[in-house]
Every structure is written in C-alpha cells, then in structure tokens.
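The structure under discussion appears below in the form of structure tokens.
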4 protein chains.
Amino acid sequence: MGMMKAAIFVEPNRIEIADKPIPDIGPTDALLRITTTTICGTDIHILKGEYPVERGLTIGHEPVGIIVALGSAITGFHEGERVIAGAITPCGQCFSCLDGHSAQCGGEAAGGWRFGNTIDGAQAEYLRVPDAMANLARVPETLSDEQVLMCPDIMSTGFAGAESGKIRIGDTVAIFAQGPIGLCATAGAKLSGATRIITVETVPERIAMSRAMGADTVIDFKAEDPVERIMELTAGRGVDVAIEALGTQQTFEACLRVARPGGTVSSLGVYSGKLSLPLDAFAAGLGDHRIVTTLCPGGKERMRRLIEVVGSGRVDLKPLVTHRFSLENIGAAYDLFADQRDGVLKIAITP
Amino acid sequence: MGMMKAAIFVEPNRIEIADKPIPDIGPTDALLRITTTTICGTDIHILKGEYPVERGLTIGHEPVGIIVALGSAITGFHEGERVIAGAITPCGQCFSCLDGHSAQCGGEAAGGWRFGNTIDGAQAEYLRVPDAMANLARVPETLSDEQVLMCPDIMSTGFAGAESGKIRIGDTVAIFAQGPIGLCATAGAKLSGATRIITVETVPERIAMSRAMGADTVIDFKAEDPVERIMELTAGRGVDVAIEALGTQQTFEACLRVARPGGTVSSLGVYSGKLSLPLDAFAAGLGDHRIVTTLCPGGKERMRRLIEVVGSGRVDLKPLVTHRFSLENIGAAYDLFADQRDGVLKIAITP
Amino acid sequence: MGMMKAAIFVEPNRIEIADKPIPDIGPTDALLRITTTTICGTDIHILKGEYPVERGLTIGHEPVGIIVALGSAITGFHEGERVIAGAITPCGQCFSCLDGHSAQCGGEAAGGWRFGNTIDGAQAEYLRVPDAMANLARVPETLSDEQVLMCPDIMSTGFAGAESGKIRIGDTVAIFAQGPIGLCATAGAKLSGATRIITVETVPERIAMSRAMGADTVIDFKAEDPVERIMELTAGRGVDVAIEALGTQQTFEACLRVARPGGTVSSLGVYSGKLSLPLDAFAAGLGDHRIVTTLCPGGKERMRRLIEVVGSGRVDLKPLVTHRFSLENIGAAYDLFADQRDGVLKIAITP
Amino acid sequence: MGMMKAAIFVEPNRIEIADKPIPDIGPTDALLRITTTTICGTDIHILKGEYPVERGLTIGHEPVGIIVALGSAITGFHEGERVIAGAITPCGQCFSCLDGHSAQCGGEAAGGWRFGNTIDGAQAEYLRVPDAMANLARVPETLSDEQVLMCPDIMSTGFAGAESGKIRIGDTVAIFAQGPIGLCATAGAKLSGATRIITVETVPERIAMSRAMGADTVIDFKAEDPVERIMELTAGRGVDVAIEALGTQQTFEACLRVARPGGTVSSLGVYSGKLSLPLDAFAAGLGDHRIVTTLCPGGKERMRRLIEVVGSGRVDLKPLVTHRFSLENIGAAYDLFADQRDGVLKIAITP
C-alpha cells in the first residue's frame, strides 16, 4: 500500500507529523480515510510523557472518516460510507464485553482503549478500525463532521458521568471542572433530568459555555470556596450526584464533601500522584456513599445513540469546536490546546 | 415509672451497670423489656473513647425483647409480643427514608443509628423504641432469642455487603476479615449465588467458621499475601466483588487490588485515620470500578426478611454465639470481647 | 368543629356539594384548608359508578392548601404553611412502604391511594391528611397554587411512566394518548433523555400541547395507523419504551406491537373489561419484553422533587390548567371535564 | 468434506436421521465434533409442526463437543479442546448485542436463537458454531459432558427466570411447573437467596426432584388449587416473584394472581393460542406489577458462569439426565420425551 501522513509520538514533548504506510487490514477490520479528528486532554498527557505509549505510535482516538476498505468478514457496510468509531473499540466477544464491561475489553483495565494507545490512532490520513462490525457507526448526511466529532470521546465520556451517577428527575448535581468533558457532563446531567445543576470553573469562556450547556449556577472557585457555596445553595443537604471531571485530589475530595449521605460521586478524571479519601467527608464509611469511575463507553450502538442525540437537536455541541487546523499543522494545535490559550475547547483537525 | 439496670458510658474505658429510670414513651414509641442483647465491635470503639457518645448514655443496639407498653398512635402490635428492632431505627417518613436511604434518616450521615448512639440503647432491662410502627418485627415462637440475635446488626450489615456488591450467580467474591460481620458477609455472598468465595483471616476459630459459612478458600494473611494469592486463584482475572469487613487501609486497599476492571468494592468497615486510593489498583480512575459503602439496613421489613432467612434454615448463625453473660456481668463480657480471647465471636447478654 | 362544603359521591352519576363537619384530626394527622384542587379522570370513573366508593365520601385527591391544625406527634411543620400532599399518601412505616412500594401501602393493591377513595378527599374546604409527617410538602412562595397543582397526581403519574420505563439518553419513546397524564409522560420522557418522542392523539388542542411538552412527531390515529407509522418512523426497529396512558385494549396492544425485542411497555392506564396479550406482538414470550405498571408515586420526597422540577422551569405545566371553577360550581366542572369539551385539560377548583 | 449423520426435520411429526455434508466453516466460525447433546421441549414443538422451521434443517441447540476446526479469524482456542456453546449464539457486535439484549441478536425477536432454528443444529455428528469467538466456552477436565449438558439451555433459561425476577435475599417465590426448565428455575431461585420456594407440579418424579432442587413446599395442582394454597401459605400476602415455566394461560394467570402488589411475574414459557391478563389479578393496572419475559441467555461469558456454578458443586443437575440414547436411536428418544414417559427429564444423546 501507499504512504500517509500521521502524527506520531517521537519522545516526551515531541509529537510530529511523519510518513507511515497506510495500514493493512485483516478480515474483521475496516480502513477509514480520516476526514476530521481532534486532540484530547489524554493526548496532552501522552505528549508530556505522563502517559506512556510506544515510540512511533500514531496518536488520536476521535475519528470521523470514509470507509475505503473492508475486511472479508465484514457485512452490512460498504465503501464510501461516512462513519465514526468510538475512542474505545470493544471486540464485543470477550468475557468482559459479553458481561457489559466493554470498555474493559479483554479483562484489562481500560483494555478497550486501543486507538492511539495500543494501536495506531486517528491523527492520520488513514485509520485501521479493529472489530469493525462492532465499531463503525454511520453518520447521516444531515450532520456535519464537526457535529459528530464529539461523539467518539468527550460526549460519550461526559454523558457517562451523568449516566453512571444514575441521575434522576429532580436531582441536584454538582460538576467539578468545565473543560470539554465536564461541559458534556453538564449537558448529560440536564438531559437526565437534573433540575439543579451547579458547576465549578474559573475560565470565563468555560463559565459562559457551562451556562449554555445547562448549568443553573456556576461557581468560580477562585472567587469562593465551592464546597461551602454548594452546601449553602443546598441548605446543608448536599447534592445527589457529584461529578468529577478533572482528575485531581482537590476536585475528587470536594465531590465527596458535597455528596449527601446516600449520594454518588461519579468520577471521570484520570488521576495521577496520590488520591485520598477524607474520612470526615466519607462518613468513616457509614454514609451509604457510592463512588463510581467510568471510562468512555464505545461500540457502534453507543455511537448510534449519541448521533441520535446530536440529530435530535436536544444538545448542540458544535460551539465546543473553537479552532480548526490542518493535520500538517497539528503541532501548532497541540501547543494551543496544551496551553489552553485563546478560549480553546476542542480543535477540529482535517487531513 | 420504676428503675432499671443499664450499661452506661461513664467515660473512656468505663462502661458500667447503673440504675436509670425506665424510659417514658410518647405516642409513636414502644417500650420493650429486653430478654437478650449483645455487644458489637462499635461498642468497643465507644468504650475506648474512639467513637464519641454522651456520658451517661445507655450502650447497645441489638435488642430482642417483649413489648410492655405501646404509644397511643401504635396499631397492629400488642403487649406481650416478642419482637426485635434493628440497630438502625428509621422513621420511614423523612426525605431520606422516603427516598430509599433509611440508614441516613433525617439526611444526616448514619442518622438512622440511634440506639446507643444518640438515644439510650439496648444493654438494659428496658428499651424505648422510637417510630415503633416502622421498627418492631415479631419473632415467631419457633425461633429462640439467640437465633434472631444477629438480625438487628451483624446479619443485616454482613448481608448488605453482599447485596450492595450486587453479587450475581457465578460470581467470584473475596471477603477481607472474618469477624462476626465478615462471617455474615460470607453467608450473604453464598446466599446471593457467589460460586467461589475466598476469605481472608488468621484466627483459627474464625477460619473454621468461615468455611462453615460458605468460604471455598480461606487465606491466612499471616501465611501468605492475600492479594497475590487471590490473583493466582483467579488466574489473574481478579474478583467480581471484594467485601471489606474490617475498616483498615490495608484491607480496603487489598479489596481495590483484587477487584477486576469493572468490579465492585463493597465496604462495610468503620474507618479511622486516613484512607487512600492507590492509583495503580484504581486504574487511575479508568477501570470502571464501583466503591460502595453500606450502613446496616434497619426497619421492620428488613428484620422480617432476616427472620425469614433464619426460619428457613438457609443459614445457621447460632454458632456465632460463643459466650453468654448476664447483664450484671457485662463488664466481663466487654473485657472478653475487646480482647478477642477464647474464640469469642458474639456474646449473648441476658438481663 | 364547624361545618364545611364538600363534593360528595351521592350515587352513580351524582356528585354534589354537601355540608359535612370539618374533619377531626388524630396525633399523626394534619388539617388543611384547601386553596386549590382539581378533578381527575379517575373521579369521572367514580362519578359514573365504574369505580366503586362509599356513598357520602368526599371526592378528590389533588390538594393544595394551608395547614390549619397539626396532630400532637407532628414536628417540623407549623400552621399557616402552604403545602401540597400527593394523591397517594403512604404511611412510610408498613412492610410495603419500607420495601420501596409505597403506592401499595399496607400490602393492598393501590393501598396508598386513600384521598377520595377510602377516606374523604380534597374537593372540599378542608382536608385531613393522614401520616402527615410523610406527606406534607412545602410550596415555595415563588410558585403559585396552579403551578404545583399537577404535582399530586398527573405529573407524578406521567413522569413515573417515563421513570418506570427506564428511559435512557438516546431512546426512542412512543406515548399513546395525550390527555393530562399522557402529556406529563411526554414531558417526563423528554426530561429523561429520550431523543425521539412519538405520541398518538387526535384532539387538536392535545396534539398542539403534545408538541409543546416535547413530542417530535404526533400521530393522529384517526388519520393513520399508529403502529404502522411508528414502525415506519423507526425503520422497522420499534421503540425502546412504549407508554400506555389511556387504559384500553387497543392502546395496550399497540404498545406491545411497537416495543422492540428487549423493549419495555410502561403502563399507566386504568383498565376495565378484559385485557389480552397478542402473542405475535409478545413474541410468544421469547422477546425479552418487560411490561410494568405504575401507580402515582406519593409521599413528601416525591412531591419535593416535583416541586423542584416546576421551580427549575425545566417543564411548564401551567398551560394544562385550561379552566377555573369555584367549588360551589364543581358540578359544571364535572360536566365539562367528563365531556372533554372546549379543549379542557385540567380545571382548577377553588373553595 | 465428508458426510455425517444428523437428525433433521422432514415434515410435521417426522424428525429422522439423515446423511448430510459436514459443515464448511467461514473465518469467524468453529466446527465441533459433537460428543453429547440433548432434546429440548422446543424440539417437540418443532417435531409437531407447532413451531415452523425449514424442511431438512438439523434440529438441536444444546451442544457439548470437541473443536475440530477453527476459522481464520479465531484466536485463543485450539483444536482438540472440549467446549460447549449456548443454545443462543449472539454475535456480540450488533446493536442489540452491544445494548445488552444479546438473545434478541440483530434486533429480531429471538434473533439469537440460531441452532436448530435458522441454521443447522446440534443433533448431529458435527456442528458449525457461528461467531465462535463469542460463543465457545471451555469445559474443565474435571467435569463430564453430562454435568455441563444443561448449561446451553435449560440451566441458562431456568436461572434467568430467577435473575430476571430480581429475587432478593428473603423473598418468597412461586414456580409454576417443574419440568427441566422449572426445576432449574427452582435451583436458580435458591441460589439467588429466596428463603421460601413454593413450586407447583403433579408428576411424582418431578415433585421429588423439585424438593431436591430447593422447593420448600410443592403443591400438587391436581390435589389442591395452587393459587388458594399459595395465598394461604403466605397469609394473604402473595409472593414476591412468580415464575412461569410452562407456557399456558392457566399458569400465566396463576402467576399474576399470586404476585403481591409490587411483585414480579417472570415468564419463561413459550405461549401459543391466546394469552389474557385478568384485570382483577392485574389490579386494573394499578398494582405496580412487573411482567418480564426472558429468552435463554447465551454467549461464552454466560456459559463460563454456569460452568462455574456446576464446578462449585452449589447445584447438582446431573440427576436431571434420566435417560441415554445414541444419535442413531434419537427417534426413540423423541418418542419417550414427547410422551413424558418413564419419569423422563432430560435425555443424553451421543453420536
């Protein structure tokens, strides 16, 4: 096969465009020509060397593209169709997948996350999608690439924060951090029937976007203590569900502190360093608390549902795409995104 | 009314028998003459001053007794009936109770735990039961006091460890510590359909009892590393549900280490000091883990169900009563229980 | 005590205003002075003699009022507060309530429904609320009587249709009949994250209101076959959840026919006559279908949540109040409501 | 390839041994040499022409066998391994499978049931297993063919009756009919923590086996009315879960009649003719009832769990194998099984 451009991990602090062969495909794979992709916060961890991947690996796990080849065992799809695949590509056929834990595919922690982690990813001209039968989701003509660009990862992850929290109609929900995933968690909480949504953020553009996504109150944590403020707003009752969308001790702990007895902490963050459970907030283990972590759900049924949400107009995530770069200039995009300059939320990358 | 004997908290390291007035009752209360009660691990924390209660408070939260008086608003019960009440006595009518979180009655952490904590308890000749309509459960004549003595607390708590873990048929379950609550968790796991139960303990009498309650394998943590051994026994897969029944960093952390991706840590222990989440075991937050804490469920429906379990013969908890003392000699019982001498598991106390 | 006006069931086809003594209250009761109430479809069944109640009973189960007296065992409320109580008034303390089935209070089918069924109801100047601790819910000053008038019954019932259906984000939902309860089911489905809501109705005012409540498509069953149309709209897939909001064989059966394999029929209707399960639609019992019926959830926590929904502005049910009558003229209101004349949805009745 | 013997459907009332080519396999298939299989009640429906299948189809959906060939896309298995596959063989990769409804694979009612229904089945010398990655489950050497012979269908189905019923510790459960599936439902109910199990049957051998599987009381429906007797045994309360394991109006209706308000009817039967819901038993739709149907869960994770149950010794289903025939004599086996002569429960068939 021919050659293509791809953004590869060279070494810590170096992700660069390189020439790589267009991937071969096996009987259960599909090959996509990428039309739009994006950069995720996790990619920044990879860039900085905080999350280890093999040198030479193509980065990226948020593909929108056109099918250009299909393995011999694939049915029901054809070349030329525009599709997405989730950041997580479960096989659907291992013990974990069949048990409803497809993000932990193969029984490995985060085993379903393969693109840009254990196999070549989406920041490239072409992408091999493994277990394509389980992972390709058609995009209707009425939706643009950018409209579905959030489905593979941040929308799936953010919504899952609300879903794993088991938010019910009439719940009060707090969401810590309003980056792209936190904003999607806010949208997901609203879609789930939360009637009071309190978010915590300090960047002005994100505060404004948080309101647009459904926040009733946004607390600027630089201006006031969010735990105190939330307890005040809830008359000392606490919230039913607290969603952690950053990955720090401070936000995790704040979640526990504002969750009412019997309440839930739904954690989306990727933590590093140490994480501790303050026993006062944890009621020494007697508070009937639930702490649940959720990795981005994948698979084509999940993608189909998220595309439905977009298509229904219930949620409009297009404003999250704040910048656009070509694949060749992805280096500049990484710089912008890593520095969180210029009100950046998500960057559309087009090969 | 007359006077009665009661075991009261005098000051740290002093629980003594004293004379107190027999309690008055209000319209929604019942008065029991205690026929059998027992001492709980939590009472030892109170004795040592590690869990603060008011001086003069009557201790104990595991009552079996005879109704001797009923408030004016109570219907459906009559004097002379033998009953139990749970350690947790929910009102059934507050926001938390009506929302299914009755152990957090009133919206306070552990708010449903009143006996021997916020009101006078069961280690006495008489006991006032608040919200009696919600809390009195009849004992059938066919069952002895000792047969139902575990229902109010350890059976309810231990079983809840299995229930909150959402154990399914065919699950592998690990249970850390086989004291009275851990043993009940083992029995509860077996009743819930776990087909492989691995427990961790070192006291020989408890190891034997663990097998009797349903453990397939008991690991002596002084002889081998339980985490390593469990991973070996499960061929590296880990367990579906890990139950913590002690309340230490070590056992909590071990639970996280053996829980498979997508698995559950069901925590029953009362923790003190600090509690940390090792990020490797926690998969940095990406493992779809669930950590759930459960306070002993109470209320008469819970008690009715547990009495059914006892009556059905599915589980025989009588062997857990290893010693018997009169209320007057409760001091000696506290000594024995605090020291875990003589293979003690539970001590029946009779006024 | 003095006398009051009340709408009583005299005999089939006669509900009339009569003079009755203002109710006495016991230690666990409250007495409300009704400020606004309404008529329910069930009241029409009572009027027509289709649902039997005792002669002389005061009808009505949707109270908004002011506390004028409190039983001796009631705490936390005071006279003069404006409150609502649910149509269903669970005790919170029986086996059923403590087991999470409070609408089936006392273990009797629909046992929690007492107002205007087994005790005097709300279409009167005064109302005795039993188990007041479990049932009084404060109304914030910012909300009018009419804004919370739907909470006691139709909003609670309609939302429960969505909740029992376990609607998830991205679901397609069909709702049969858009009377007051069906309209609330539509609002509840939208609040629960359904992204495609298809309703079935023929009355023009109700079709318009259905769109306002969240329907994406309204099928006029007089113009086209709703089952065929729904299968067409879903490309043969069927819906995830079908909600029955009328209580007829035809709508029940249609629900089964449009529910996909693995889907749910959430039934709200009160059926009379016979009900049959067409085996083709039921896949001969092999389709992993779930049929679930739900009686209006009550209790003060439920009311609190619904009041939160109203207060949040997420749903505006005020337009459902299409007419207003004084209690004295309730006869005319019954006529209008029974005939479904004049675009009537709900009628506010003020003593 | 060579030829093999297979039991094929010739026409109504004729299933005969015929010569057929050994199946070819594609990249995602496996080929098994059958070592043991059995006949299911459904096969009798096929035999009688009550359930239509294509003429010439090989019947049977309960395979134990040895892998003799593997498709090119299969990894992790090798020739010579002894395995089972479920009666239901989900693909794991369609929208239904990825949504947790794998028995409804492909979105078709009962779409996951392929063996002996839409593709050639297991009553043959060789069997092609589609989607082998998702469906082959290794049998440990310590277990015999007959010990795991119930896993593919009746154990999976019967247990699912208990699981879908969401039986909790302390539940009272009634199970109507104690044929092979009903007996497995009884075993499953016991494993799930039901403490009072009441079964209904009249065949003496099945009554005896019912007790062995966990029934506390067996009602002979020819000697007394089971509904009356169950209401008596439960003091008018009814049961928490009623399991239908026959597929008739009478048993379905009886289930509804004995289910308490708030209770569940878990239906396993395959119905023919008409099915009606008696409205008194159904509380006119106001009883918070749940009716749930469940098709046999399949897939290798399900099989793995059931093999674990067998291996753990928690349940011993070997006594259900009452007769043994060679494949050549399967005609006689069908006769015996169809007539329910001679205490027959399940018949092991060996090619």
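A note on names: the letters A, B, ... follow the listed sequences, proteins ahead of strands, and every chain is numbered from 1.
- Minimum heavy-atom separation, B:Ile34 to B:Ala122: CG1-O, 3.7 Å.
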Item to check | Stepwise side chain to side chain contact (heavy atoms under 4.5 Å, CB included) test for B:Ile22 and B:Val68 | outcome: CA-CA 11 Å; B:Ile22 293 174; B:Val68 293; over 6 Å; no
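- Nearest heavy-atom pair across C:Ala85 and C:Pro63 is O-CD, 3.3 Å.
- In terms of non-hydrogen atom pairs under 4.5 Å with chain B, the most contact-rich of C:Cys94, C:Gly299, C:Ala134, C:Gly71 is C:Ala134.
- C:Val148 pairs in a side chain to side chain contact (heavy atoms under 4.5 Å, CB included) with only one of the listed residues (C:Leu317, C:Leu306, C:Val139), which is C:Val139.
- For the side chain to side chain contact (heavy atoms under 4.5 Å, CB included) test, residues two or more places apart in sequence or in another chain that qualify with B:Ala194 are B:Ile167, B:Val173, B:Ala189, B:Ile197.
- Considering all non-hydrogen atoms of both residues, B:Ala132 and B:Ile74 come closest at CB-CD1, 3.8 Å.
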Return one line per donor-acceptor pair between chain C and chain B under 3.5 Å, naming both atoms and the distance rounded to 0.1 Å.
unit_1   : atom_1 : unit_2   : atom_2 : d
C:Cys91  : O      : B:Gln93  : NE2    : 2.9
C:Gln93  : O      : B:Lys300 : NZ     : 3.2
C:Gln93  : NE2    : B:Cys91  : O      : 2.9
C:Lys300 : NZ     : B:Gln93  : O      : 3.2

